[in-house]
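These notes concern the structure reproduced below.
In what follows, chains carry the letters A, B, and so on, assigned in the order in which the sequence lines appear, proteins first and then strands, with residues in each chain numbered from 1.
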Amino acid sequence: GEEVAQTPKHLVRGEGQKAKLYCAPIKGHSYVFWYQQVLKNEFKFLISFQNENVFDETGMPKERFSAKCLPNSPCSLEIQATKLEDSAVYFCASNKRFRGRNIQYFGAGTRLSVL
Amino acid sequence: DAKTTQPNSMESNEEEPVHLPCNHSTISGTDYIHWYRQLPSQGPEYVIHGLTSNVNNRMASLAIAEDRKSSTLILHRATLRDAAVYYCILRDTTGNQFYFGTGTSLTVIP
């Protein structure tokens, strides 16, 4: 596709429930990034993939968060046992190559509300 | 991580030019300067990027200081649709994740 597609748009979970978010990168893009936007302007990098391989996971909370990018499937970000503090908008981005000049294309985000 | 500093907010009248400044005094020689904007309830959107020379595209112009320690995003005629948070981001040659900073919230006054 010509845009990064994120689903669902909104997700509501009770505290302790599992949440799973999906991202289909632009066709032909090898790199996928996940970001978390908690406060209005603040983005936190979570993890990046090169195809199905984890490239950088320095931002991932170790315990409850996991992510995958499998061949021929949307990438996914899963949160086990959600907490109130996980409420945020989660953005996925993709780009073609891993160089400083390359543009990242962002999806519209998934808003997760943990009640 | 190379850091950027931007004013928290700015205002502009509709149809007037807007100059959005960004300081990046710790920039390295291989860092590209990227500008993205985030409209309300949307994901960040690419605006423009450059390395050393000034750049123009259909959306905006990017003026880069000679020492590269600062840059300015120029919107030539602000419209109401340009109201957004504008982020100045440095991206090195390893092309790793973006470090967004807090951005500048632009209000366009009709």
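Here the side chain of B:Tyr36 pairs a donor or acceptor atom with the backbone of A:Gln104 at under 3.5 angstrom.
A:Leu77 and A:Tyr105 fall into different hydrophobic clusters, defined by Ile, Leu, Val, Met, Phe, Trp and Tyr side-chain heavy atoms under 4.5 Å apart, directly or through other members. In the hydrophobic clustering of ILVMFWY residues, with side-chain heavy atoms under 4.5 Å counting as a link, B:Tyr86 and B:Leu39 come out apart. A:Phe45 and A:Tyr90 are members of different hydrophobic clusters when ILVMFWY side chains are connected at heavy-atom separations under 4.5 Å. In this structure, B:Ile74 is not a member of the same hydrophobic cluster as B:Tyr32, with clusters built from ILVMFWY side-chain heavy atoms closer than 4.5 Å. No single ILVMFWY cluster, assembled from side-chain heavy atoms under 4.5 Å apart, contains both A:Leu70 and A:Val54.
Listed by chain and number, the residues in a side chain to side chain contact (heavy atoms under 4.5 Å, CB included) with B:Thr104 are B:Gln6, B:Pro7, B:Met10, B:Leu20 (sequence neighbours excluded). Partners of B:Ser61 under the side chain to side chain donor-acceptor pair (under 3.5 Å) rule, at least two apart in sequence or in another chain, are B:Asn56, B:His76.
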For A:Phe43 and B:Tyr87, run ring-ring contact (aromatic ring centres under 6.0 Å, His included): C-alpha distance rounded to whole Å, both residues' side-chain angles, the deciding distance at 0.1 Å, then the answer.
-> CA-CA 11 Å; A:Phe43 285 81; B:Tyr87 295 95; 5.6 Å; yes
For B:Phe100 and A:Tyr35, run ring-ring contact (aromatic ring centres under 6.0 Å, His included): C-alpha distance rounded to whole Å, both residues' side-chain angles, the deciding distance at 0.1 Å, then the answer.
-> CA-CA 10 Å; B:Phe100 274 83; A:Tyr35 297 86; 5.7 Å; yes
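For B:Tyr46 and A:Phe106, the ring centers are positioned 6.0 Å apart or more.
When A:Glu42, A:Gln6, A:Gln37 are compared by the number of non-hydrogen pairs under 4.5 Å with chain B, A:Gln37 comes out ahead.
Atom CG of A:Asn53 is surrounded by more than 12 heavy atoms from other residues, nucleotides or ligands within 6.0 Å.
At a heavy-atom separation below 4.5 angstrom, chain B is approached by A:Gly107, A:Ala108 within residues 107-115 of chain A.
Contacts classified as salt bridge (charged side-chain N to carboxylate O under 4.0 Å, His left out) and involving residues 83-93 of chain A (residues at least two apart or in different chains) are given here: A:Arg64-A:Asp86.
Atom NE2 in B:His49 sits 7.5 Å away from atom CG in A:Asn102 (nearest 0.5 Å).
The two residues A:Phe91 and B:Gln38 come nearest to each other via the heavy atoms CZ-NE2, 3.4 Å.
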